[in-house]
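Here is the structure we will look at, set down as structure tokens.
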Amino acid sequence: MSDKVKPNPNEAPTHDAQLAAENIASGEEKAPKVDFEADYAAAQQFSVSEIDRTAEGVAAAEAATAPKYEVPASEDVKNEAQSTGNPDDYVELAKEVGGAKNQAVTNVSDDLMQKALEKGQPTAG
């Protein structure tokens with residue numbers, strides 16, 4: 001199926017395309033005819049090289065795409081935390097998670113809260 005190209009100078013992406021579209025619209029140049037089916041069929045011929053159609057080409061393709069390293073099969077590993085019921089385990093965990101040494105304040109006391117409340121009050125001025 002052959003289609004006729006109908007260029008629009010206003011939609012041309014480049015200056016050259018705009019000039020070509022104007023020349024076609026004015027009749028100075030002939031519009032090219034495009035046969036999409038023939039172009040598609042020709043492209044299919046070029047998409048596979050001659051060597052790929054032979055056994056040698058198939059072997060070369062397999063060698064090129066073969067993995068270089070052996071990848072072991074994955075195994076499902078199920079981890080379950082064993083409940084000990086020992087409160088000392090939780091105390092140790094709380095100590096690890098609790099007061100980090102790089103934080104400015106690790107313990108909040110009543111005096112510290114009072115100072116914070118005083119600093120938050122507006123000054124009479």
Side-chain angles (χ1 to χ4, degrees):
M1 176 180 188
S2 182
D3 289 335
K4 184 132 177 135
V5 176
K6 298 172 188 150
N8 183 350
N10 296 329
E11 294 178 0
T14 64
H15 182 66
D16 289 339
Q18 184 179 9
L19 289 175
E22 289 171 356
N23 288 338
I24 292 170
S26 69
E28 291 179 38
E29 291 182 29
K30 287 185 176 181
K33 291 188 178 185
V34 179
D35 190 350
F36 291 107
E37 283 79 18
D39 288 348
Y40 182 75
Q44 295 304 308
Q45 293 298 318
F46 291 115
S47 68
V48 178
S49 69
E50 290 300 321
I51 193 167
D52 288 339
R53 295 185 179 122
T54 65
E56 182 183 340
V58 171
E62 286 176 359
T65 58
K68 293 181 181 171
Y69 304 103
E70 187 175 326
V71 179
S74 64
E75 298 176 11
D76 288 338
V77 178
K78 205 171 204 183
N79 291 332
E80 290 186 27
Q82 299 295 325
S83 175
T84 63
N86 184 354
D88 294 335
D89 293 339
Y90 297 105
V91 171
E92 286 299 315
L93 178 64
K95 286 179 184 177
E96 290 175 14
V97 173
K101 297 195 183 331
N102 61 357
Q103 291 178 344
V105 178
T106 56
N107 293 326
V108 178
S109 64
D110 289 340
D111 292 336
L112 186 60
M113 283 299 295
Q114 187 59 39
K115 287 181 187 178
L117 289 172
E118 290 170 4
K119 286 188 176 190
Q121 297 298 322
T123 56

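Basis for what follows: all heavy atoms, side chains included, without hydrogens, waters or symmetry-related copies.
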Would you find more than 12 non-hydrogen atoms of other residues, nucleotides or ligands less than 6.0 Å from D39 atom CG?
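Check passes, neighbour count above 12.
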
With sequence neighbours excluded, give me every side chain to side chain donor-acceptor pair (under 3.5 Å) pair touching residues 41-62.
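Found Y40-Q44, S49-D52, E50-R53.
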
Which pairs with one or both residues in residues 63-77 pass side chain to side chain donor-acceptor pair (under 3.5 Å), sequence neighbours excluded?
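Not a single pair qualifies under side chain to side chain donor-acceptor pair (under 3.5 Å).
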
If you look only at distance, which donor and acceptor atoms sit under 3.5 Å apart when one is on a side chain in residues 9-25 and the other is two or more places apart or in another chain?
from, atom 1, to, atom 2, distance (Å)
T14, OG1, A17, N, 3.1
N23, ND2, L19, O, 3.4
N23, ND2, E29, OE2, 3.1

